[in-house]
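Per chain, numbering begins at 1; letters A, B, ... match sequence-line order.
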Amino acid sequence: MQRIGVFVCWCGSNIAGTVDVKQVAKALESEPGVVFSTDYQYMCSKSGQDMIKDAVRDHRLTGIVVCSCSPRMHEATFRKTASAAGLNPYMVEIANVREQCSWVHKDIIIGTQKAIILGRAAVAKVNLNAPLTPGESPVTKRALVIGGGIAGIQTALDIADAGFEVDIVEKKPTIGGKMAQLDKTFPTLDCAACILTPKMVDAAQHEKIRIFSYSEVSSVGGFVGNFTVSIRKKARYVNEDICTGCGACVDKCPMKKVPNEFNLGMDNRRAIYIPFAQAVPKVATIDPNACNMLKNGKCGVCAKVCTAGAIDYTQKDEYIEEKYGAIVVATGFDPISLDKFDEYAYNNSKDVITSLEFERLTNAAGPTQGKLLRPSDGKHPEKIVFVQCVGSRCSSCSEKGKEYCSKICCMYTAKHAMLTRDKYPDTEVYVFYIDVRTPGKSFDEFYRRAVEDYGVKYIKGSVGKIVPEGEKLVVQGSDLLNNRQVVIDADLVVLAAAIEPDKSARPLATMLTASMDTNDFFTEAHPKLRPVESPTAGVFLSGACQGPKDIPETVSQASAAAAKVIGLLSKDKLVGNPCVASSDELMCNGCSSCERVCPYGAITYEDKEFRMPDRTVRVRRVAKVNPAVCQGCGCCTVACPSGAMDLRGFKNDQIMAEVDAICK
Amino acid sequence: MQVNEYKPLIVAFCCNWCSYAGADLAGNNRADYPAEVKIIRVPCSCRVNPTFVLKAFQRGADGVIICGCHPGDCHYTSGNYYTRRRMAMLFSMLDYLGIERERTRLEWVSAAEGAKFAATMRDFVQKVAALGENKRLEDLRCKK
Ligand SMILES: Cc1cc2nc3c(=O)[nH]c(=O)nc-3n(C[C@H](O)[C@H](O)[C@H](O)COP(=O)(O)OP(=O)(O)OC[C@H]3O[C@@H](n4cnc5c(N)ncnc54)[C@H](O)[C@@H]3O)c2cc1C
Ligand code: SF4
Ligand code: SF4
Ligand code: FES
């Protein structure tokens, strides 16, 4: 049996004005377990707290009920008081007789009655409270960043600058992401490479950063502070430590007709390649699907020309296991496939291109050395039509497009149109749009410059069909503002394709038990208040993997995620919330109901041996909650059909007792 | 004035993060609502086991209301979606057993909606009062 002390606070006249505190203290005196009951002007004041401490000692209290303001105000205060008095802090319950009683009820008789009932419920609960101790777990002071785009690079740099080790895992042969493919960037029009490549080099040279390029995460175990991750380093058939990136092998490789993915297939690369001049790490990679030596054992030219002796045709995938305290997902985005958009003739004409292809066409390091030439015949296009929202904001075409706004297309299309007119003033440029959305710093000014200073012709309306006719592309669209149909015979059409999360994000999310929305963007722990944390403790989000973003937004989020990681890694140990779920293994039948509803993946199973009455041993699968991961929502307790799962601090019998006390 | 006016007994389960804070805000703003409402704090609306609701009715409660964060705002991201489904089932089953739909309610109340909290409670108490006492599930053994 508990020995409970009840402390009724007047809160000056805040409570005492509409609740007869003396009567409450008196009435609660006779509740089961109560051995002491009193009232005082200000319980939270030093003398009030001393009064509690004295009572704990004098009356050998095991539990405390404070009838006072909301637990959201002073629960922490009174828990500390209890601690100081040598009681477990979780033996304290608050009856909210201010916000939820004296302040909302005017009649002192009614207020007093209700206060007594609320106090009774709290006493009933404390009778069933048990001392709780928060679990502690150590923190591995190293972070993993998955994805080496601008988001991942920025996050890694910030964490490393704070003095923690960071590993970047990038699936491509080089870090840099989409930004490395861009030409100039809105809204300032600085060249992407000029601002990105120094950061790539910083990352490579940072003593705290390791880059695993051409690598993928193959499994994730553990939990916040203690993740164990297996990284698959794909065989690149070149010894990274020896290769100097001189490129002699690339020049001599006879397999010349491999579509160059960095230029989106608009030109070719060799079987051994370095994606671009400023690649980090600047080492060659052999494409096993194209290399004759790896396929048929014939060739071996690169090994002969490599003076460093870096080529190794026998290299195998390598698995590295490493421990991390925090994981940041920065897997970015990709433009959607336009295969299903027959109306735009993307697959029928080389001169219908995507905006990302346009970036490569205007990039000095691109397939045309930055000259804007038609992919089909290398001629300079005189009339260019840009089409915005291709596959975006398309509620009716969910099977091929996306319902959401891709957010960046209005701005990069304005950029493309402006840059074209700037470089080639003789070119006619049209943009078809649904709306132009420019809610960013200096964004609307940027768009207006395209229209007002550069004479880009914006047409509000959609494009119904694009038909290749001879050398021309006949673009049929509507002009909603002038209420007419327009037909433009264009030389080049640029489609602002919707963007979607990287395809590898879904399996990664499963490994991390991080949740995703219906579009496969990672969801944040709270859309407003915790935008860079995933609901899974210790997993953070950076960049476009969380939702469409431009570079300024990506970088802010990247640094925000880094700040969160630094906060976590700065701790020596994690002190958990002790109000977590736990399952009674004798009652659990291993049905998995709880595991399915847990938003945090806190529940796993283990085989447990049970000694039966007849002395045989049976092995049963039972649920096990990881207290470091459980956030204490209690969802599992309701899902559990056998009543095995319960939530500490809010146990079934405690809540039932409150219900009883209220309904008595 | 009516003497011995019937006062229903209402149990309200409020999630800690939104609705309980909304109830506190109603207090801060002195937005009054009937004292018949007694609040039980739960971490999330999804902590409310249907048996708690049944227990309340069994013990003589006349109405039970569950309040949680708005969809999409649950502190635990998805808890209130489970609540919504579970309670839809429970409430219609209770209806079948004779506990009228007006006696059970699920309401989304954010931490900023003190006024909504008070208004919801006023409305709920009024609707339950109109139905009179709940005798359907009440376990007479529980009566003194
Ligand atoms: C045509 C076009 C023009 C643009 N122009 C501008 C502009 O002018 N100004 C501007 O601000 N923004 C612009 N943007 C937007 C800009 O590209 C993005 O904001 C930015 O690239 C987002 O960076 P990120 O790191 O989040 O993603 P990404 O750049 O996509 O990087 C993600 C990285 O993660 C890697 N990765 C993915 N999955 C895995 C995995 N499972 N394991 C390991 N690695 C993985 C990828 O290979 C990639 O390197 C433009 C975008 C497009 C498409
Ligand atoms: S209480 Fe919530 S977070 Fe904890 S194990 Fe249960 S469902 Fe998961
Ligand atoms: S739901 Fe209950 S019985 Fe089923 S696995 Fe979880 S704890 Fe065990
Ligand atoms: S925390 Fe409010 S409904 Fe889940």
Of the backbone (N, CA, C, O) and the side chain (C-beta and beyond), which part of B:R86 lies under 4.5 Å from a heavy atom of chain A, both, or neither?
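For B:R86, the side chain is the part near chain A, not the backbone.
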
Please look at B:Y82 and chain A and tell me whether the side chain, the backbone, both or neither of the residue comes under 4.5 angstrom of a heavy atom of that chain.
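For B:Y82, the side chain is the part near chain A, not the backbone.
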
Among [options], which residue has the highest count of heavy-atom pairs closer than 4.5 Å to chain A?
options: B:P34, B:C44, B:A35; answer: B:A35
options: B:D32, B:T83, B:V11, B:V64; answer: B:D32
options: B:I39, B:V42, B:V37, B:N29; answer: B:I39

What part of [X] gets within 4.5 angstrom of chain B, counting heavy atoms only: side chain, backbone, both, or neither?
X: A:D646; result: side chain
X: A:N577; result: neither
X: A:Q113; result: neither
X: A:D107; result: neither

When only pairs under 4.5 Å are counted, which of A:N96, A:I662, A:N652, A:T523 shares the most heavy-atom pairs with chain B?
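Looking at each option in turn, the highest pair count goes to A:N652.
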
Among the options A:E658, A:R72, A:R530, A:K125, pick out the one with the most heavy-atom pairs lying under 4.5 Å from chain B.
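Counting heavy-atom pairs under 4.5 Å, the top option is A:R72.
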
Under 3.5 Å, is there a donor-acceptor pair between the A:R98 and A:S70 side chains?
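A:R98 vs A:S70: no donor-acceptor pair found between side chains.
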
Would you please classify the geometry between the B:W17 ring and the B:H75 ring as parallel, tilted or perpendicular, with 30° and 60° separating the classes?
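Taking B:W17 first and then B:H75, their aromatic rings lie parallel (interplane angle under 30°).
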
May I ask you to establish whether B:R105 and B:F124 are in a cation-pi arrangement, using a distance under 6.0 Å from NZ or CZ to the six-membered ring centre and at most 45° from the ring axis?
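No, cation not above the ring by the 6.0 Å, 45° rule.
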
